[in-house]
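Worksheet: the structure to be examined is printed underneath.
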Amino acid sequence: TFHKIRLENLTWGESLGQGSFTQIYRGIQRDQEGGEQHQTEVLLKVLDSGQRNCSASFLEAASVMSQVSHKHLVLLHGVSIGKDSVMVQEYVRHGALDTYLRRSQAEGKVTTSWKLQVAKQLAYALNFLEDKKIIHGNVSAKKVLLAREGDTAGGSPPFIKLSDPGVSITVLAPELLVDRIPWVAPECVRDPKALALEADRWSFGATLWEIFSSGAVPLSALEPSKKLDFYLSALQLPPPKWTELANLVAQCMDYQPRGRPSFRAILRDLNSLITSDYELLSDLSPSDL
Ligand code: ATP
């Protein structure tokens with residue numbers, strides 16, 4: 001259920017690195033429409049050839065993204081299926097939010113209201129998916145792409161797009177699942193088949209924490225076994241200093257899936273947060289673990 005793209009219509013550009021199972025490139029897609037040639041800048045995700053067993057799941061991720069259309073979801077142009085499976089999606093100029101936040105924090109570029117706008121846009125995308133009963137399954141700041149930086153002085157907001165989920169956690173090796181703590185919901189570590197809409201609410205909580213901690217990597221200092229212990233002991237990330245925000249993160253990261261608020265309720269909460277309350281606090285960043 002996605003548009004098939006012929007390999008000969010793609011031109012490969014520079015490598016942008018890799019995902020867990022993919023090699024990522026910039027590229028150009030050419031297509032013919034009514035006798036006219038079009039060229040589109042695209043992002044090419046190639047599934048590693050050693051990962052054939054993940055192929056169905058990779059294509060499923062593409063299929064999910066091609067069924068929906070929302071301004072804050074990355075646009076999937078199609079898939080090329082040949083010797084390798086290649087996902088062809090829109091190229092999002094400023095790349096992943098986690099690295100952007102770390103760079104911009106150093107340059108003192110991002111403000112609290114910028115972060116709040118990003119959080120709201122992500123919640124809008126997830127509310128849209130939740131309404132359609134579509135589970136994303138891999139929400140984190142790494143999966144949020146920045147299409148427009150925005151300009152605080154000029155008043156233009158940033159603009160984000162949530163990326164495709166990639167290979168599903170239901171086919172990941174257990175050690176890769178542990179790497180995803182604290183983004184992966186605890187019930188999914190116990191049993192990946194427990195993946196349900198509530199899991200995205202947990203991941204959103206961890207992503208909110210990341211955004212407001214300016215891209216600090218939660219639990220990065222912990223060994224894998226300690227990350228598991230963190231979940232087994234039902235621990236929480238250090239609460240952000242902004243109380244209302246800390247409450248929302250805690251509600252999303254409820255160990256009881258049913259206790260987590262819907263994205264509609266999350267949006268209502270985010271819309272009621274007033275950044276001036278936060279700017280008044282002097283020490284803004286939570287201590288890292
Ligand atoms: P996973 O490891 O979660 O399975 P993946 O293999 O799908 O993920 P991503 O993490 O989505 O790979 O992408 C790797 C990197 O490539 C991102 O951190 C980002 O820097 C860059 N990237 C991904 N998609 C885009 C895009 N559409 N436009 C620009 N850069 C992108």
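The basis for the numbers below is simple: all heavy atoms, side chains too, and nothing from hydrogens, waters or symmetry mates. Just follow the structure's listing: the first ligand is 1, and inside any ligand the first atom is 1.
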Inset, instruction - Answer yes or no: are there more than 12 heavy-atom neighbours, outside Arg148 itself, under 6.0 Å from its atom CZ? - result: yes
Inset, instruction - Give the contacting part of Lys143 toward ligand 1: side chain, backbone, both or neither, where contact means a heavy-atom distance below 4.0 Å. - result: side chain
Inset, instruction - Identify which of Gly137, Ala96, Cys54, Pro165 has a heavy atom lying nearest to atom 19 (C) of ligand 1. - result: Ala96
Inset, instruction - Considering the heavy atoms of Gln89, write down every atom of ligand 1 situated less than 4.0 Å from one of them. - result: 24 (N), 26 (C), 27 (N)
Inset, instruction - Taking the six-membered ring for Trp and the full ring for Phe, Tyr or His, determine whether the centres of His72 and Tyr124 are under 6.0 Å apart. - result: no
Legend entry - Proximity to ligand 1 by part of Thr99, non-hydrogen separation under 4.0 Å: neither
Inset, instruction - State the atoms of ligand 1, each with its element, that fall below the 4.0 Å cut-off from a heavy-atom position in Lys45. - result: 5 (P), 7 (O), 9 (P), 11 (O), 12 (O)
Legend entry - Numbered atoms and elements of ligand 1 in range of Thr22, under 4.0 angstrom, heavy atoms: 5 (P), 6 (O), 12 (O)
Inset, instruction - Only heavy atoms count here, so choose which of Ser15, Ser20, Gly166 is nearest to atom 1 (P) of ligand 1. - result: Ser20
Inset, instruction - Work out whether the distance between some heavy atom of Arg180 and some atom of ligand 1 is less than 4.0 Å. - result: yes
Inset, instruction - Identify which of Glu90, Arg93, Lys142 has a heavy atom lying nearest to atom 27 (N) of ligand 1. - result: Glu90
Inset, instruction - Give a yes or no on whether a salt bridge exists between Arg258 and Glu198, defined as a side-chain N under 4.0 angstrom from a carboxylate O. - result: no
Legend entry - Option whose closest heavy atom lies nearest to atom 26 (C) of ligand 1, chosen from Asp98, Leu145, Leu44: Leu145
Inset, instruction - Report whether Leu16 and Val92 are members of the same hydrophobic cluster (ILVMFWY, side-chain heavy atoms less than 4.5 Å apart, transitive linking). - result: no
Legend entry - Atoms in ligand 1 flagged as close to Asn138, the criterion being non-hydrogen separation under 4.0 Å: 3 (O)
